[in-house]
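Throughout, residue positions are numbered sequentially from 1 according to the sequence presented.
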Amino acid sequence: MTQIYHYASVSKALDELNENGFNYDFNLHEADIVKNPNKYEIKHIYRYEGDSNPDDEAIVFGIQSKSGKKGVYVAGFAANSINEAAQVLLDISIKERNKSKK
């Protein structure tokens, strides 16, 4: 099941995930996430909301591939900044949540 955490900042979330072995940068491989979403599982989600500016919102995903590679994907979370890979990851997390409720 996906764990949702709250940290003071994106860098704190990244530090914590890195300490737990999530050190691969999936942002460099977002095309593979979009093409092969079934190869990935969301282990952690962290959403950071800026104090005053909605454009400061970000989401950090702790991801594990089916091959065991653990890493992170960071995306802006303002309504106009969600890219295709971030949307795929959000969809994966929603499907996982729905499966765990059954």
Side-chain angles (χ1 to χ4, degrees):
M1 185 167 147
T2 303
Q3 298 294 317
I4 299 176
Y5 295 97
H6 301 283
Y7 295 98
S9 68
V10 170
S11 63
K12 295 260 191 227
L14 292 172
D15 288 346
E16 176 88 12
L17 287 167
N18 190 32
E19 288 174 14
N20 289 303
F22 290 83
N23 47 29
Y24 187 76
D25 186 352
F26 280 107
N27 284 77
L28 300 175
H29 304 280
E30 63 184 32
D32 190 58
I33 292 170
V34 172
K35 290 180 195 172
N36 303 294
N38 58 333
K39 288 174 39 179
Y40 300 95
E41 185 178 352
I42 309 303
K43 295 294 190 178
H44 303 276
I45 296 176
Y46 162 71
R47 185 170 172 197
Y48 174 74
E49 297 178 11
D51 291 332
S52 60
N53 187 346
D55 290 337
D56 290 341
E57 294 182 12
I59 190 163
V60 177
F61 295 94
I63 304 169
Q64 184 168 346
S65 69
K66 298 290 183 187
S67 65
K69 189 173 288 187
K70 292 167 50 174
V72 296
Y73 185 87
V74 182
F77 201 68
N80 61 352
S81 68
I82 295 181
N83 65 20
E84 190 175 8
Q87 187 60 57
V88 167
L89 292 170
L90 288 169
D91 292 345
I92 291 170
S93 69
I94 290 167
K95 286 179 190 172
E96 288 175 356
R97 229 179 301 146
N98 289 339
K99 278 195 287 188
S100 69
K101 288 180 182 178
K102 292 181 180 178

Colleague: Given the rule in the side chain to side chain contact (heavy atoms under 4.5 Å, CB included) test, do Ile42 and Ile63 qualify, once you have shown the distances and angles that lead to the verdict?
Modeller: CA-CA 5 Å; Ile42 309 303; Ile63 304 169; 4.2 Å; yes

Colleague: Are the side chains of Ile45 and Ser93 in touch, meaning some heavy atoms are under 4.5 Å apart?
Modeller: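 The answer is yes; the side chains approach within 4.5 Å.
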
Colleague: Of all the heavy-atom pairs spanning Ala58 and Val10, show the shortest one and how long it is.
Modeller: CB-CG2, 3.8 Å

Colleague: Take a 6.0 Å sphere around NZ of Lys66 and say whether it holds more than 12 heavy atoms from other residues, nucleotides or ligands.
Modeller: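 Count over threshold, so yes.
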
Colleague: Run through Val60, Val72, Leu17 and flag the one making a side chain to side chain contact (heavy atoms under 4.5 Å, CB included) with Tyr46.
Modeller: Val60

Colleague: Kindly write out the residues that satisfy side-chain hydrogen bond (donor to acceptor under 3.5 Å, both in side chains) with Gln64, not counting sequence neighbours, or none if the list is empty.
Modeller: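 Not a single residue meets the side-chain hydrogen bond (donor to acceptor under 3.5 Å, both in side chains) criterion with Gln64.
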
Colleague: For Val88 and Pro37, work out which heavy atoms get closest and say how close.
Modeller: CG1-CB, 3.5 Å

Colleague: State, to 0.1 Å, how close Tyr40 and Ile92 come at their nearest heavy-atom pair, and which atoms those are.
Modeller: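 Closest approach of Tyr40 to Ile92, heavy atoms only: O-CG2, 4.0 Å.
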
Colleague: Taking C-beta and beyond as the side chain, do Val74 and Ile59 meet within less than 4.5 Å on heavy atoms?
Modeller: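 A side-chain contact under 4.5 Å is absent here.
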
Colleague: List the steps, then state whether side chain to side chain contact (heavy atoms under 4.5 Å, CB included) holds for Ile33 with Tyr73.
Modeller: CA-CA 10 Å; Ile33 292 170; Tyr73 185 87; 4.2 Å; yes

Colleague: For the OG atom of Ser9 and the CG atom of Asp15, what is their distance to the nearest 0.5 Å?
Modeller: 7.5 Å

Colleague: Donor-acceptor pairs under 3.5 Å, side chain of residues 19-26 to any protein atom, not counting sequence neighbours: which ones?
Modeller:
residue: Asn20; atom: ND2; partner: Glu16; partner atom: O; Å: 2.9
residue: Tyr24; atom: OH; partner: His29; partner atom: NE2; Å: 2.7
residue: Asp25; atom: OD1; partner: Asn27; partner atom: N; Å: 2.9

Colleague: About how many Å separate CZ of Phe61 and CZ of Arg47, when rounded to the nearest 0.5 Å?
Modeller: 10.5 Å

Colleague: Please identify each residue that fulfils salt bridge (charged side-chain N to carboxylate O under 4.0 Å, His left out) with Lys39, with sequence neighbours left out.
Modeller: Asp32

